[in-house]
Amino acid sequence: MRWSQHLIPTLKEDPRETQSPSHRLLLRAGYIRQHQAGVYIFLPLGWRVMQRVMTIVREEMDRIGAQELFMPSLTAREFWEESGRWQDFGDDMFRLRDRKGRDLALAPTHEELFAELARHFLRSYRDLPQIWYQIQTKFRDEPRPRSGLLRCREFLMKDSYSFDATWEGLDQSYDLHREAYTRIFQRSGLKFLVIEASSGLMGGSQSEEFMVISPTGEDTLVHCPQCGYAANTEVATAKPALPTPQSPFQKREKVHTPNVRTVEEVTAFLGVGPELLIKSLVYKVGGRTVLVLVRGDYDVNEAKLQRVLGPEARIATPEEVWNQFGVEVGFVGPIGLEVDEVIADELLEGAEGMVCGANESDYHIVGVAVNQDFQVSRFADLRTVRAGDQCPHCGTPLTVENAIEIGHIFKLGTKYSEAMHAYFTDRDGKEKPIIMGSYGIGIGRIMAAAVELYHDEHGIRWPASIAPFDVEIVEVDPGKVRPQAESVYQALQEKQVEVLWDDRAVSPGIKFKDADLVGVPVHVVLGRKVAQGLGEIKIRWTGEKIDVPLADLPDRVQTIVQDLKADVS
RNA sequence: CGGGGCGUAGCGCAGCCAGGUUAGCGCGCUUGGUUCGGGACCAAGAGGUCGGUGGUUCGAAUCCACUCGCCCCGACCA
């Protein structure tokens with residue numbers, strides 16, 4: 001493709017108001033253009049990358065026997081009512097009304113439609129198993145789109161759904177997806193981890209996420225450098241084996257702590273570490289009030305808490321606490337507070353000499369012993385793992401890192417098949433719900449994650465497998481080297497190498513800078529050495545430069561391109 | 001949803017606080033010429049509802065109100 005005849009609008013300066021590297025570079029290098037918050041135009045270069053990613057996805061999905069189909073985005077309210085998600089999605093769902101007044105939604109995901117399709121056509125165990133997938137635009141009205149392609153309101157997703165007659169069958173479909181996903185991300189050239197993910201409230205169904213570690217990522221994962229244990233912080237656990245702190249408070253007494261509310265303030269005021277504090281948090285669960293206790297040096301993990309208390313658990317507002325107990329939230333404590341239940345993190349079991357709020361403004365109580373001075377009905381793992389906590393398997397200090405979620409696989413079970421009445425007749429003649437799995441990959445996120453992972457100060461360095469082109473010809477002085485450029489261009493195309501030829505009438509500096517910015521993995525520089533019959537090959541990844549006789553250029557380039565692609569597949 | 005920031009030519013910005021001719025600068029763009037290995041040079045030129053609406057004023061990019069859009073931080077931490 002000749003640069004001069006195509007739309008590749010590179011920017012000399014950084015676009016205003018971009019933070020993350022992928023957002024900034026994809027904009028600057030002419031891959032995407034923003035249309036609205038969280039909605040992007042894919043320009044020719046960007047769309048080529050997306051297409052290459054989609055090709056990999058299709059090949060690997062087809063390899064596990066999945067069938068591609070295509071669902072509508074415009075979906076009728078009734079289907080969402082059947083599963084209850086017309087309500088559950090809330091403001092995240094884009095809704096609209098047609099001229100007849102019917103309610104519609106732009107699909108944020110497609111479990112309901114696939115379940116509906118399955119109930120219509122999959123009637124017998126003989127029809128199972130099946131895996132169906134699509135690559136489709138999803139719409140989610142995110143409260144805060146951010147980081148360019150990483151969190152969008154309109155985005156391309158590969159989603160697939162498995163339908164099995166047995167739980168063993170689901171395990172197989174799930175494992176097939178894990179293998180396919182692993183191959184897809186490997187072939188895309190990404191460094192990634194497969195981690196344990198929150199199975200939400202689906203009753204212990206297995207769920208794993210594919211994560212790219214990156215400071216730009218919005219998710220947080222816990223990782224053991226020793227044994228490889230890795231989990232989303234929503235589910236990550238650590239050994240409770242932590243040294244019992246020595247407390248200076250032997251005797252229980254009320255102390256005056258004027259205007260001292262937060263953990264930081266209390267520790268500073270009393271001169272003790274946060275591990276001696278009990279954080280007391282009031283939660284509402286339906287009509288019940290539950291006091292949740294966690295050590296001062298830990299945060300409550302809401303995902304874990306919801307697994308104990310149920311999905312409707314939410315923290316009480318300061319106003320609710322004041323109205324119910326007449327206490328400021330900073331001074332709430334477990335002693336003498338009239339609540340329906342007190343639950344505590346396991347680290348507090350048997351703790352003594354602790355500090356907690358006195359349920360009275362400007363007072364705390366020190367020297368408190370758990371289960372002596374107050375009763376706890378349940379101890380559970382309710383805390384968020386911190387860096388340095390001990391790995392639950394091998395005891396090694398854990399690391400905590402930000403990560404980008406690029407894929408998620410999930411054993412759904414029968415939640416949707418029951419809700420949508422997707423039943424099949426089994427061998428024994430009985431009607432049973434189809435056992436489902438659901439599996440997603442963010443196409444744009446693969447593209448953005450690759451940039452986050454592999455850029456340098458000059459621009460993007462694409463993995464060869466998903467680069468928009470295999471080679472870019474940098475034609476330094478079109479007036480002198482045009483015939484040579486033309487012939488290299490032709491020869492490479494005949495070898496099925498995808499070439500971007502920078503044939504613009506601009507100065508060499510611009511071409512070199514743009515080539516680095518755009519990030520095609522191999523550059524062929526045709527310049528002053530052409531007079532000596534030489535061209536130069538530059539590897540974008542390493543900066544390595546090789547002089548090659550013009551006659552050998554096409555072959556050498558082809559070999560290098562093949563090698564680079566082999567490296568990532 | 002809460003907080004902060006920003007909307008002036010295609011892009012990046014100045015001007016606004018202390019209202020006053022034709023609203024500037026750099027890049028880009030057009031034409032002609034010279035150049036050609038890391039964002040060249042000379043000359044001439046085009047390009048603007050100052051986000052929008054309303055108000056104050058003799059006069060508004062500038063002051064006031066409302067509004068739309070975008071970015072960033074936060075959205076359980078007691």
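Keep in mind that this is a model prediction, so the values were computed, not measured. Lettering of chains follows the sequences in order, A, B, ..., and the numbering in each one begins at 1. Keep in mind that the numbers below use all heavy atoms, side chains included, and drop hydrogens, waters and symmetry copies.
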Within the supplied structure, the quantity of interest is the number of heavy atoms (other residues, nucleotides, ligands) at a distance under 6.0 Å from [X] [atom1]; does it exceed 12?
| X | atom1 | answer |
| --- | --- | --- |
| N323(A) | CG | yes |
| Q375(A) | CD | yes |
| R33(A) | CZ | no |

Under 3.5 Å on both distances, the Watson-Crick or G-U partner of [N]:
| N | answer |
| --- | --- |
| rU21(B) | none |
| rC41(B) | rG33(B) |
| rA60(B) | none |
| rC70(B) | rG5(B) |
| rG10(B) | rC27(B) |
| rA65(B) | rU53(B) |

Show me the pairs that pass salt bridge (Lys or Arg N to Asp or Glu O under 4.0 Å) and involve residues 275-284 of chain A, at least two apart or across chains.
K279(A)-D299(A)
State, without any angle test, whether T137(A) and E154(A) hold a side-chain donor-acceptor pair at a distance under 3.5 Å.
no
In the 5' to 3' direction, the nucleotides of RNA chain B bounding the stretch that comes under 4.0 Å of a heavy atom in chain A are rG5(B) to rA78(B)
Can you name the residues that form a ring-ring contact (aromatic ring centres under 6.0 Å, His included) with H256(A), not counting sequence neighbours?
Y363(A)
